[in-house]
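See structure below.
Residue numbering restarts at 1 for every chain, and letters A, B, ... go by the order of the sequence lines. For clarity, every value in this text was computed on a predicted model and none was experimentally measured.
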Amino acid sequence: MAVGPSEIEKIAHLARIRIAPDQIDEVASRLSDILGMVDQMQAVDTSSVAPMANPHDATQRLRPDAVTEPNQRDTFLAIAPQSEDGLFLVPKVIE
Amino acid sequence: MEWETVIGLEVHVQLSTQSKIFSGASTAFGAEPNTQACAVDLALPGTLPVLNEEAVKSAIKFGLAVNAEICRESVFERKNYFYPDLPKGYQTSQMDAPIVGPGWLDIQLESGETKRIRIHHAHLEEDAGKSLHEDFHGMSGIDLNRAGTPLIEIVSEPDMRSAEEAVAYLKKIHSIVTYLGISDGDMSQGSLRCDANVSVRIKGTDELGTRTETKNLNSFRFIEKAIQLEAQRQIDVLEDGGSITQETRLYDSERNEGRAMRSKEEANDYRYFPCPDLLPVAIEQSLIDELKATLPELPDAKQERFQSEYGLSAYDAGILTSERAIADYFEAVAKAAGDAKLAANWVMVELMGRLNKEGIEFSETPVSAEQLGGLIQRIRDNTISGKIAKQVFEALWNGEGDSADAVIEAKGLKQMSDSGELEKMVDQVLADNPDQVEQYKAADEGKRKKMLGFFVGQIMKASKGQANPGMVNQLLNKKLG
């Protein structure tokens with residue numbers, strides 16, 4: 001399966017990654033190579049193998065429901081680019 | 001042409017755990033912004049999620065309550081999208097292996113019939129933070145206190161056929177989660193909110209029409225209105241020869257109108273994949289059995305018991321079991337009063353009617369179950385009449401006494417059952433109304449009954465409502481007979 005420039009642009013947009021126009025062809029070709037490898041893997045018969053969500057042979061440990069985290073707002077707001085009234089400020093977003 | 005509305009609901013229920021689903025930050029409502037957002041909630045580098053045991057148990061309890069299969073190996077996935085109130089850039093959610101599999105619940109229609117609504121699945125996920133758009137000099141303010149609050153999202157099959165059915169379904173979900181105690185169900189605080197998938201088709205056809213999704217409905221009334229509005233909009237479009245676009249819509253409750261938010265073409269491509277930070281959640285049968293044993297009596301079972309144990313109608317039992325708090329209150333009143341039917345009437349008519357009129361939540365009722373039970377006892381033992389009882393209720397409502405007895409005593413409302421005193425009063429009324437007495441004596445049996453009411457009324461008036469009506473009738477019959 002090959003990917004074209006328009007798909008690269010779409011994926012880059014979804015991932016919020018900037019890819020310079022003169023790099024698009026190269027990225028497309030490298031991604032196509034990776035997808036080619038995926039195609040190859042998909043040719044393997046896995047009908048008798050159960051889908052796997054995680055490679056570790058382990059299951060999730062659970063945590064008791066207790067509040068263990070103190071308020072560290074001042075510490076966290078101090079490393080934010082902008083804040084006001086206890087809020088993180090970001091470029092305006094309205095749906 | 002007759003149209004049929006087809007509705008499926010996605011209901012988000014906030015779980016009432018102490019801490020968040022993947023972190024030890026508090027979930028308490030109403031705290032100062034960002035004081036309950038820890039490093040995990042903020043997605044700072046190097047943090048890892050650890051799943052809250054109580055959230056898992058809550059989801060299992062819900063699954064058991066809606067007759068669903070519990071997934072023994074449940075998987076968390078990442079739902080990727082960019083929005084500032086979602087610091088990780090993905091919502092940790094579930095898709096392929098949700099914790100609660102297919103189930104169902106029954107709703108009661110207005111006709112009295114029962115209808116079964118299938119649940120496709122329910123999954124655990126985290127809530128996002130809040131964006132505040134007003135007044136930050138062109139910026140948006142982000143409060144991440146809510147980020148990471150545990151939710152279950154309950155996805156129904158498209159089994160509902162009217163806005164009323166959708167509301168009945170949602171009310172049932174509300175009553176189940178509050179009975180289970182897994183959520184406070186407080187819609188004004190967003191503890192229960194719902195997205196409605198609505199489509200229309202010509203009645204009698206099988207194929208589903210193109211649907212739209214109306215987001216973030218957070219009151220029973222808005223849900224009903226939004227669905228009715230959207231169904232009518234679709235019918236109008238189709239009858240004008242147009243077609244429906246699959247899109248996400250918003251409902252503006254102030255203007256009672258809907259508008260498109262984004263079409264499917266622009267819709268997010270969420271690129272779900274299993275979350276590498278979380279291992280599959282193994283759920284032992286022993287845990288399921290253990291939780292099953294702790295389930296409380298659920299609304300349907302309670303309703304049936306109220307009918308059989310207290311002799312209530314299905315309708316009354318339905319109202320009294322709609323909320324666990326109401327059911328518990330009613331049972332306490334019935335026990336204190338010693339008469340379940342009277343208790344049911346007083347709770348539904350006087351108390352709930354009054355609460356409704358004044359817009360007060362049931363949990364805020366100023367009259368306790370013991371007080372109301374005590375009041376009913378005094379009606380039963382003829383200390384007061386039903387009419388005076390309403391005065392006593394009013395006094396209890398206004399906090400003018402600790403108990404019905406205290407109010408009756410303080411206001412001197414005890415029914416007059418002293419036959420000597422009553423007799424005097426009856427004689428006086430008869431002496432004051434000689435014409436009516438003549439007419440009564442001349443009248444035939446049928447008319448007399450009606451005319452007797454006049455004398456009873458006069459005597460009740462003279463006694464300020466305190467005369468025992470049974471004794472008044474007896475005395476009158478004796479004197480006029």
* **Heavy-atom pairs under 4.5 Å with chain B, option from A:D65, A:L87, A:T59, A:L62 with the top count** => A:D65
* **Under 4.5 Å from any heavy atom of chain A - which part of B:A39** => both
* Asked: Taking only residues two or more places apart in sequence, or in another chain, which ones meet B:H12 in a ring-ring contact (aromatic ring centres under 6.0 Å, His included)?
  -> none
* Under-4.0 Å salt bridge between B:E247 and B:R249 -> yes
* Structure fact -> Checked B:T35, B:D143, B:I21 vs chain A; the most non-hydrogen pairs under 4.5 Å come from B:T35
* Can you tell me if B:N145 uses its side chain to pair, donor with acceptor, with the backbone of B:Q36 under 3.5 Å? -> yes
* Applying ring-ring contact (aromatic ring centres under 6.0 Å, His included), name anything that partners B:F22, two or more places apart in sequence or on another chain. => B:F76
* To do: Check each atom of A:R16 against the heavy atoms of chain B and say whether the ones under 4.5 Å are side chain, backbone, both or neither.
  => both
* Salt bridge flag under 4.0 Å for residues B:E213 and B:K215 -> yes
* Sorted by number, residues from residues 84-99 of chain B in contact with chain A (heavy atoms, under 4.5 Å) -> B:P84
* Asked: Sequence neighbours excluded, which residues qualify as side chain to side chain contact (heavy atoms under 4.5 Å, CB included) partners of B:T27?
  -> B:T17, B:K20, B:T149, B:P150
* B:A37, part contacting chain A, at a heavy-atom distance under 4.5 Å -> backbone
* Structure fact -> Okay, A:D85 and chain B: the region with an atom under 4.5 Å from a heavy atom over there is both
